[in-house]
Amino acid sequence: MFEYAPAPESRDVVDIQPSYGLFIDGEFADGTGKSFKTINPASEEVLAEVATASEEDVDRAVQAARKAFGTWSAMPGSERAKYLFRIARIIQERSRELAVLESLDNGKPIRESRDVDLPLVAAHFFYYAGWADKLGYAGYGANPRPLGVAGQVIPWNFPLLMLAWKIAPALACGNTVVLKPAETTPLTALLFAEICRQADLPPGVVNIVTGAGETGAALVNHPDVNKVAFTGSTEVGRQIARSVAGSGKKVTLELGGKAANIVFEDAALDQAVEGIVNGIFFNQGHVCCAGSRLLVQESIATELLDSLKRRLGTLRLGDPLDKNTDIGAINSAAQLAKIRELSDAGELEGADRWSPACSLPDKGFWFPPTIFTGVAQSHRIAREEVFGPVLSVLTFRTPAEAVEKANNTPFGLSAGVWTEKGSRILWVASKLRAGVVWANTFNKFDPTSPFGGYKESGYGREGGRHGLEAYLDV
Ligand code: NDP
């Protein structure tokens, strides 16, 4: 293996303030509640002090969004589009700054925030800007109306990308928003607030309230919110579904997953190995649609696993700001504890654990890429979302068995199929109960493509023309 000299991205491009307030009605304002610290998970360095929005603050933000809704929704779509295009272009112009800040606050490698997250964030704003004046042609009636104020709660794994998935379609359709970023990753949402000001977005159209679960609950339960959009754990998704039931609020929930990545014996193995690595080790496995269950046909299992292990030996774990880094830091101490607990359970239940030789930095939260073989379907690591760089390997003999095992999960967000036969891809895809099925690739995202789940992975679709429906009164 090559020796790589460090190639750190400079953090001088970001200007992190010591403390941040809330973004309400176009202004940064102090919160009436306490504050919390956001840290760099790769070093445990405190990055900034951030306000916790109280119920009262959330109420102010919802009122600001309500006030702005009148003019924003009455504006011609072509005018709203100009703001969205402007935001998209500023995101492109400031993409290096946003990528560095995302890596600092989240722990993800700069290579991913720079080359995956940020281009997709800009693409989402460009894409939905294009819809703003064509809503009458989207298949939801000649003059579809927006819903009103959208309360949006997002997780920490793709902070800015989840913000774009939520805010871009909401604004294109004429809604105004109050968004709560995750407690561990508030900084890029606050920089996005600054971008809204730079774009001269009318005050109150976008409001950002930072805080923990209580702030999220206050937002979701606010009586003047018309639409709730949530991405996060199935457990919190269930609570939200219960709390808004009967309220008349429109809801979309994008929850967890336990995707099967199915490799048939006729697959191009080197490509499959890359796809497996991308499927589970991208973003440290903090991906709801991660290919966390590898289903490999028994006849090629040994050969495939040998190649996979060799490939894992070449992954570089360490400083997220180093451009050579493949695997960054785990986002928080709590998430690291969860990954450790589930991995220990895997060993206790009898699966074989393997990681490449890999030294972990002394400070920060780290977990090596890990493979479990000899996994039974009943094991916790085969059933529960680990949300970390941990792959469970199961084998199958026939296509029918592969489908049966792939569908044997309470989730249904995504899946992957590796085979050279197009007919087999179509057959398997038609049998899988998963919102997205990738064929001979994995973790490919595009703003034009709808995304969402079956069963406990939630309901509603985000992205594409389908993603408009969630923000229209149809
Ligand atoms: P949560 O579902 O708790 O967090 C998602 C968002 O919801 C955060 O902004 C969170 O705030 C907020 N929130 C928490 N409680 C409430 C509530 N009662 N009402 C409204 N909003 C609330 O996920 P965690 O961060 O705790 O992660 C736990 C597990 O969830 C992970 O290990 C993973 O398995 C799964 N997960 C799945 C994701 C996905 O994309 N499908 C994304 C993230 C996690 P706060 O940040 O303060 O907790």
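Each ligand, and each atom within it, is numbered from 1 in the order the structure gives. The figures that follow rest on heavy atoms only: side chains count, while hydrogens, waters and symmetry mates do not.
- In this structure, Arg66 does not pair ionically with Asp59, as no charged nitrogen and carboxylate oxygen lie closer than 4.0 Å.
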For residues 169-182, please give each side-chain donor-acceptor pair under 3.5 Å, one per line with the distance, not counting sequence neighbours.
| unit_1 | atom_1 | unit_2 | atom_2 | d |
| --- | --- | --- | --- | --- |
| Asn175 | OD1 | Leu147 | N | 2.7 |
| Asn175 | OD1 | Gly148 | N | 3.0 |
| Asn175 | ND2 | Ala170 | O | 3.0 |
| Asn175 | ND2 | Tyr471 | O | 3.0 |
| Thr176 | OG1 | Ala65 | O | 2.8 |
| Lys180 | NZ | Gly211 | O | 2.9 |

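- Lys405 meets the side chain to side chain donor-acceptor pair (under 3.5 Å) test with Glu401; sequence neighbours excluded.
- In this structure, ligand 1 sits under 4.0 Å from heavy atoms belonging to Val153, Ile154, Pro155, Trp156, Asn157, Lys180, Pro181, Ala182, Glu183, Gly211, Ala212, Gly213, Gly216, Ala217, Phe230, Thr231, Gly232, Ser233, Val236, Gln239, Ile240, Leu255, Gly256, Cys288, Gln335, Lys338, Glu385, Phe387.
- Here Asn331 pairs with Thr184 under the side chain to side chain donor-acceptor pair (under 3.5 Å) rule; sequence neighbours left out.
- Arg111 approaches Thr325 most closely through the heavy-atom pair NE-O, 3.5 Å.
- Within 6.0 Å of CG in Asp30 there are 12 or fewer heavy atoms belonging to other residues, nucleotides or ligands.
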